[in-house]
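For reference, the structure is listed below as structure tokens.
Scope of the values below: all heavy atoms of this structure, side chains included, with no hydrogens, waters or symmetry mates. Throughout, a chain's letter reflects where its sequence line sits, starting with A, and its residues are numbered from 1.
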Amino acid sequence: MATAKNKQRYDFKQIESKWQQRWQETGLYETVDLPDKDNKFYMLVMFAYPSGDIHMGHFRNYIIGDAVARRQMMMGRDVLHPFGWDAFGLPAERAAIQRNIHPDKWTKSNIEVSRSTLQKVGISFDWSREVASCDPDYYKWTQWMFIQLFKKGLAVRKKSWVNWDPVDKTVLANEQVKDGYAERSGAKVEKKELVGWYFKITDYADQLIDDLDKLPGWPENVKAMQREWIGRSQGLEVDFVIEETGEKLPIFTTRPDTIYGVTYMAIAPESDLIDRLNLTGDEAGAVADYRQEALARSEIDRAAATGDKDGVFTGKYAINPFNSERVPLWVADYVLAGYGTGAVMAVPAHDTRDFAFARKYGLPIKVVIHPDQGTVLDASQMDDAYTDYGVMVNSEHFNGLAGLEAIGAVNSFAEEKGIGRVVTNYRLKDWSISRQRYWGCPIPIIHCEKCGPVAVPDTDLPVLLPKVENYMPKGRSPLADVPEYMDVTCPECGNPAQRDPDTMDTFVCSSWYFLRYIDPHNDHEPFDKKKAAAWMPIDLYVGGITHATGHLIYFRFFTKFLRDIGWLDIDEPATRLFNHGMVMDAQGEVMSKSKGNVVSPIAVMGERGIDIARLAMYFTAPSDKEVAWSDEGIVGVEKFVMNRLYPMVESYRESFPDLKQHFTLAELSGADRDIYVKLNQTIKKVSESCERLQFNTAIAALMELTRDYEPDKISNDQLNDAVILKTIQLVAPLAPHLAEELWERAGLDGSVFRSGWPEYDPEAIVGDLIEIAVQVNGKLRDSINVPADADQAQVEETALASERIQAHTEAKQIIKKIYVPGRLLNIVVKG
RNA sequence: GCGAAAGUGGCGGAAUUGGUAGACGCGCUGGAUUUAGGAUCCAGUUCCGUGAGGAGUGGGGGUUCGAAUCCCCCCUUUCGCACCA
């Protein structure tokens, strides 16, 4: 009944609550306000949406951060490890509506439940710094941020084509739309022209791309995604001229070398340029019909029709400024209003889309690029465009130029003649932040007929979100129907004026929360500059990959902006980013509420204890890979805890060794020497594994150590006890309650988390005898044991004495021997 | 279509810089102990072969004394972007 006895003794419930209580009483995780800049560690996990209780995905995220925070604490650093709630926003509001509970009440009760879960899980958050973005003390400063942007001309109000979510009845940012569907509601996104607020993130596009090179601690895939999302492209803007009106029609092209191949031009259906063409007759009607039809189509329908392009001729012509050629002007679906100038020059011979369009409507195809001097393309024989670089032909004085040289020549010519200029375009658009919803941070702007949009004075902040009963989405902001909120006087002229009725995108709230943690109770500033200078940047930011092109761009943007207005002295908010893998169910399916396969960490914890649940999660896979959570995975670590780790402390001999002191290897022998070497190898392995966030291999190393630990064979009491205590220290970041309990049971005072992190003895990571692999011609033939300090000659002698080696070298000529010290000997033979 | 990452036993996964492939765990097999075992302990467990030995990290080539690791081609999977001119 050994196990039953152990299980009884490992009373995890009692241990967990005891230590959680003690951590709280002693304020173990409460950190200093102003740390030593060279000895601090800012460990950040992403803000949580309080849309329900904590699930396995959160659990995994937070225990990764927790292990890092705890180890850093043991290493003697000032650690900031805060937590808070991304409490405004659509999901919270939608969930509240479904349950018919006011979002305020629902959000707050969710926060209570989730916080209590997290506290039961024993994450080392400093709860004294907790923030919630729906709290007026917080969103006062979100509004302050808006006003700073507004004052710098980086928050602007404009009419623009927006993504409209017909289910949630609000505008969405591009980052919230995936494949034409709303990320949150799943509705097909519509196009709508609306007035709203935009943050000019495009002003920072270059920095946001270029500074990615300063982030070696970020995963390459995230950086690649951000580069693509920002989508910088260099090209030439050429002024074509509308024949009839003389109006300039600028277009953007990345292929100026194909300018002589333009055979028509195409304008986006949304473009207001069309209104200025003075269309008449049949064409006017046809174009109007076409525009209406095109606008009715959703984004995905347009995007899906990749092969099938359509359009309509306007009856008008434009002039190519390079050769004065007259080309027809079309309106075409495949031209995007939001990119470049909303119009393109079409070169069917050298652009796949233009080629398809030209073939469909019988437009001319003119070859102006040849693959090389010897190859000639014939337009009538082509079945697709030739889009590679090549030699310019049929292009007047540019003939013969190729590739980048050709582009350079055309660019210079255009600039000299004043018919074009080199420009950079971005795929990234300005960030649309107005939301026609109730549950969000009010926009601190007052619209005055005389003064225009006026910022609410700092002294009047926060603009409180009024408590209303009717917060249902209806396509216009619910706040617009609350006169006591809307009707105010203009702060500048005193005339009657109206508040902006919209609320902000929640991504605004989460773009600066990491700074509020630094100084969460400051009531006269968003945060203290000195404190921020000391704590920033974030040393490790752990979260899911889902935010790669949303939040993780926005918070970089905010950091750069705050730097520019003198609040921060850093270029980038986080030096290291880590994306943990997702948690799937045992069948490998994503856990989701709709599938009903969500596993709560609480359930597992109740049966086996938090620390075993934590170890199981760490051990299943390296932190960046996805895991299929199943109870079977727990068996191995449970045995490790029950049979090896927990009983280990019973062998403690109360010698209370000095843990800072290494033993002298030469004075140890036999089992003492072996376990001392193993201990130091383990310290090295666990430290390195933790550094790389590969806790699975850290646990594997600890399993080996406890397996090899045989107290009966150890004669040195101090050594025996040092092995036990250091093992407890090594496991502490991963299994904190267990470690504290063992530490106390060994008779030590204070928290294990204040006891230091073990350092390995460099003298003791190699044993007495080492195994050398012996190869003949690169094939393993034997392995020999030699003293650790043996030189090459000694190794060779031993190797050649081996019968198995002799069998392969006999009657053969030894050409050379390659010796890798401490690892292998390769004997190369011939004949 | 473009871009990125990855492919290792029955399974999860090890293997910093090229240097004994399969650590650690699950599962499985055999044994010990036990009234019993879904407990514990011991041994075994990549494949073929009784053995010596041979093969082996998605497939095919290459570089090297030596390749899971580096290079080229191909296949598969995952992720991201998808009319961006």
Checklist entry - When rounded to the nearest Å, what value does the distance between C1' atoms of B:rA85 and B:rG62 take? => result 41 Å

Checklist entry - Regarding A:Lys309 and the six-membered ring of A:Phe357, is the cationic atom NZ or CZ under 6.0 Å from the ring centre and inside 45° of its axis? => result no

Checklist entry - From B:rU20, B:rG12, B:rA23, pick the nucleotide closest to the side chain of A:Ala773? => result B:rU20

Item to check | Separation of atom CE in A:Met703 from atom C1' in B:rG25, rounded to whole Å | outcome: 6 Å

Item to check | Spacing of the C1' atoms in B:rG9 and B:rA55 (rounded, Å) | outcome: 14 Å

Checklist outcome for this item: What one should report as the nearest heavy-atom pair of A:Ile251 and A:Thr341 is CA-OG1, 3.5 Å

Checklist entry - Taking the side chain of A:Lys309 as its heavy atoms from C-beta onward, which of B:rC65, B:rC84, B:rC83 lies nearest to it? => result B:rC83

Next on the checklist: Taking B:rG61 as the reference, what is the distance to B:rG53 when you measure between their P atoms (whole Å, please)?
Outcome noted: 27 Å

Checklist entry - Which is it for A:Asn174 and A:Asn163 under the side-chain hydrogen bond (donor to acceptor under 3.5 Å, both in side chains) test, yes or no, and what are the steps along the way? => result CA-CA 7 Å; A:Asn174 290 323; A:Asn163 306 305; 3.1 Å; yes

Checklist entry - Of all the choices, B:rG19, B:rA85, B:rC65, which nucleotide is nearest to the side chain of A:Val828 once you look at every atom? => result B:rC65

Checklist entry - Mind checking whether A:Trp431 and A:Tyr198 have ring centres under 6.0 Å apart? => result no

Checklist entry - Considering only the P atoms, how many Å lie between B:rU16 and B:rG27, rounded to the nearest integer? => result 28 Å

Checklist entry - Which is true for A:Lys639 with a 4.0 Å heavy-atom rule: it touches a base, it touches only sugar-phosphate, or it touches nothing? => result sugar-phosphate

Checklist entry - Can you check whether A:Asn643 has a side-chain N or O nearer than 4.0 Å to OP1 or OP2 of B:rU40? => result yes

Checklist entry - What integer distance in Å separates A:Arg644:CZ from B:rG25:C1'? => result 12 Å

Checklist entry - Under the rule syn = chi within 90° of 0, otherwise anti, which is B:rG53? => result anti

Checklist entry - Contact class for A:Asn826 (heavy atom, under 4.0 Å): base, sugar-phosphate, or nothing? => result base

Item to check | Consecutive Watson-Crick or G-U pairs in runs of at least 3, all under 3.5 Å, in which RNA chain B is involved | outcome: B:1-7 with B:75-81, B:10-12 with B:24-26, B:27-32 with B:40-45, B:46-48 with B:53-55, B:58-62 with B:70-74

Checklist entry - Between B:rA85, B:rA82, B:rG3, which one does the side chain of A:Glu228 approach most closely? => result B:rG3

Checklist entry - Cation-pi between A:Arg427 and A:Trp229: NZ/CZ under 6.0 Å from ring centre and within 45° of the ring axis? => result yes

Checklist entry - What is the ring orientation for A:Tyr10 with A:Phe12, classed by angle as parallel under 30°, tilted 30 to 60°, or perpendicular over 60°? => result tilted

Checklist entry - Just to confirm, is there a sub-4.0 Å distance from OP1 or OP2 of B:rA52 to any side-chain nitrogen or oxygen of A:Arg804? => result no

Item to check | Short side-chain N/O contact to B:rC24 OP1/OP2 from A:Arg707, under 4.0 Å | outcome: yes

Checklist entry - Between the side chains of A:Asp430 and A:Thr202, is a donor N or O closer than 3.5 angstrom to an acceptor N or O? => result yes

Checklist entry - Could you give the NZ-to-P distance, from A:Lys779 to B:rC65, as a whole number of Å? => result 16 Å

Checklist entry - Quick one: is A:Asn777 getting a side-chain N or O under 4.0 Å of the B:rG66 phosphate, OP1 or OP2? => result no

Next on the checklist: Whole angstroms only, please: what is the NZ-C1' distance between A:Lys678 and B:rC24?
Outcome noted: 10 Å

Item to check | Minimum-distance nucleotide to A:Leu780 side chain [options: B:rA55, B:rU20, B:rA85] | outcome: B:rU20

Item to check | Integer-rounded Å distance: B:rG66 P and A:Ile772 CD1 | outcome: 20 Å

Checklist outcome for this item: When rounded to whole Å, the CD1 to P distance for the pair A:Ile815 and B:rC65 reads 10 Å

Item to check | Closest listed nucleotide, where the reference is the side chain of A:Glu771 and the choices are B:rU20, B:rU40, B:rC83 | outcome: B:rU20

Next on the checklist: So, does A:Tyr334 get its side chain near the phosphate of B:rA85, meaning an N or O under 4.0 Å from OP1 or OP2?
Outcome noted: no

Item to check | Heavy-atom pair with the smallest gap, counting every atom of A:Tyr181 and A:Val189 | outcome: C-CG2, 3.8 Å

Under-3.5 Å N/O pairs linking protein and nucleotides 15-18 of chain B:
unit_1, atom_1, unit_2, atom_2, d
B:rU16, O4, A:Glu688, OE1, 2.0
B:rU16, O4, A:Glu688, OE2, 2.7

Checklist entry - Is any side-chain N or O of A:Ser233 closer than 4.0 Å to OP1 or OP2 of B:rA85? => result yes

Checklist entry - Can you name the closest pair of heavy atoms from A:Ser783 and A:Ala773 and give their distance? => result CB-CA, 4.2 Å

Checklist entry - Under 6.0 Å between ring centres, would you say that holds for A:Tyr361 and A:Tyr264? => result no

Next on the checklist: Please pick, from B:rA23, B:rC65, B:rA85, the nucleotide with the shortest atom-to-atom distance to any side-chain atom of A:Ile818.
Outcome noted: B:rC65

Next on the checklist: What I want to check is whether the side chains of A:Gln694 and A:Ser689 have a donor and an acceptor closer together than 3.5 Å.
Outcome noted: no

Checklist entry - How is A:Gln775 classified with respect to the nucleic acid when contacts are heavy atoms under 4.0 Å: base, sugar-phosphate, or nothing? => result base

Checklist entry - With nearest nucleotides of RNA chain B determined for A:His808 and A:Gly231 from heavy-atom distances, which residue corresponds to the more 5′ nucleotide? => result A:His808

Checklist entry - Does the ring center of A:Phe695 lie less than 6.0 Å from the ring center of A:Phe619? => result no

Next on the checklist: At 4.0 Å (heavy atoms only), tell me whether A:Arg781 reaches a base, stays on the sugar-phosphate, or touches nothing.
Outcome noted: sugar-phosphate

Next on the checklist: Between B:rG18 and B:rG66, how many Å separate the two P atoms, rounded to a whole number?
Outcome noted: 16 Å

Checklist entry - CZ of A:Arg353 versus P of B:rG1: gap in Å, rounded? => result 17 Å

Item to check | Basic-acidic side-chain contact under 4.0 Å: A:Asp674, A:Lys713 | outcome: no

Checklist entry - In whole angstrom, what separates A:Glu220's CD from B:rC81's C1'? => result 17 Å

Next on the checklist: Between B:rU17 and B:rC11, how many Å separate the two P atoms, rounded to a whole number?
Outcome noted: 26 Å

Item to check | Short side-chain donor-acceptor distance under 3.5 Å, A:Thr549 and A:Glu175 | outcome: no

Item to check | B:rA23 and B:rC47, which share atom name P, separated by this distance in whole Å | outcome: 13 Å

Kindly give the atom pairs (protein nitrogen or oxygen, nucleotide nitrogen or oxygen) under 3.5 Å for nucleotides 44-46 of chain B.
none

Item to check | Candidate nucleotides B:rC24, B:rC81, B:rG54, ranked by approach to the side chain of A:Ala700 - the nearest | outcome: B:rC24

Item to check | Considering all heavy atoms, the nearest A:Ile634-A:Ala616 contact | outcome: CG1-CB, 3.7 Å

Checklist entry - Between B:rA6 and B:rG59, how far is it from one C1' atom to the other, in whole Å? => result 16 Å

